[in-house]
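Quick notes on the structure that follows.
If you're wondering where the values come from, they're calculated on a predicted model, not measured in any experiment.
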Amino acid sequence: MYISAVDGNPRFLNVEDILYIQAVGDQITIRTRQKKYHQITTIRDYSKLLMPFGFETVSKNTIIQSDKIVLLDPDTRIAYFDKSREIEGIKVTRRNLNKIL
């Protein structure tokens, strides 16, 4: 099993390599023999970590897995993940629209 962490760059850590996880205030430290890591807490770190798996930034606070989009409304710029629109759609900024077309 792997968990996400950051040491300047986001990465996945194998749980077998973890020596301990410690909480001090709201900061979580993950220690391996080689290095200290921190819990990923920003959307930017998640974006860097997940980009190789098909995730794209569509606004400053949202990343989506673009191959899961079923419908994109060109007028509202809302991406939907099911045809019935039961799952709430995500608004895509004009600047990021070309990433998912």
Enclosure of F12 CZ (heavy-atom neighbours >12, cutoff 6.0 Å): yes

Taking only distance into account, with no hydrogens and no angle test, what donor-acceptor pairs under 3.5 Å do side-chain atoms of residues 52-65 form with protein atoms, sequence neighbours excluded?
residue : atom : partner : partner atom : Å
T57     : OG1  : S47     : OG           : 3.1
S59     : OG   : N61     : OD1          : 2.9
S59     : OG   : T62     : N            : 3.4
S59     : OG   : T62     : OG1          : 3.3

ILVMFWY network linking I43 to V6, side-chain heavy atoms under 4.5 angstrom: yes

Residues, nucleotides or ligands: over 12 heavy atoms within 6.0 Å of K99 NZ: yes

Common cluster, I40/M51, ILVMFWY with side-chain heavy-atom separation under 4.5 Å: no

Smallest separation among heavy atoms of L19 and R33, with atom names: CD1-N, 3.7 Å

side-chain hydrogen bond (donor to acceptor under 3.5 Å, both in side chains) involving S4 - partner list, sequence neighbours excluded: none

Residues that D26 engages under side chain to side chain contact (heavy atoms under 4.5 Å, CB included), provided they are two or more places apart: none

Q22 and R31, any side-chain heavy atoms less than 4.5 Å apart: no

For N9, all residues meeting side chain to side chain contact (heavy atoms under 4.5 Å, CB included), sequence neighbours excluded: D7, R11

Considering all heavy atoms, the nearest A79-V92 contact: CB-CG2, 4.2 Å

Smallest separation among heavy atoms of I78 and K91, with atom names: CG1-CD, 4.1 Å

ILVMFWY network linking L13 to I28, side-chain heavy atoms under 4.5 angstrom: yes

Residues forming a side chain to side chain contact (heavy atoms under 4.5 Å, CB included) with R85, sequence neighbours excluded: L71, D73, Y80

R44 CZ to T42 OG1 distance, which is reported to the nearest 0.5 Å: 7.5 Å

Interatomic spacing from CD1 in I100 to CZ in R77 - rounded to 0.5 Å: 10.5 Å

Check: I69 and F81 side chains under 4.5 Å, non-hydrogen atoms: yes

Nearest heavy atoms of V15 and I3, plus distance in Å: CG1-CG2, 4.0 Å

Same apolar cluster (I L V M F W Y, side chains within < 4.5 Å links), I30/M1: yes

For Q27, side chain to side chain contact (heavy atoms under 4.5 Å, CB included) partners two or more places apart: H38

Distance in Å, D45 CG paired with Q39 CD, rounded so as to fall on 0.5 Å steps: 11.0 Å

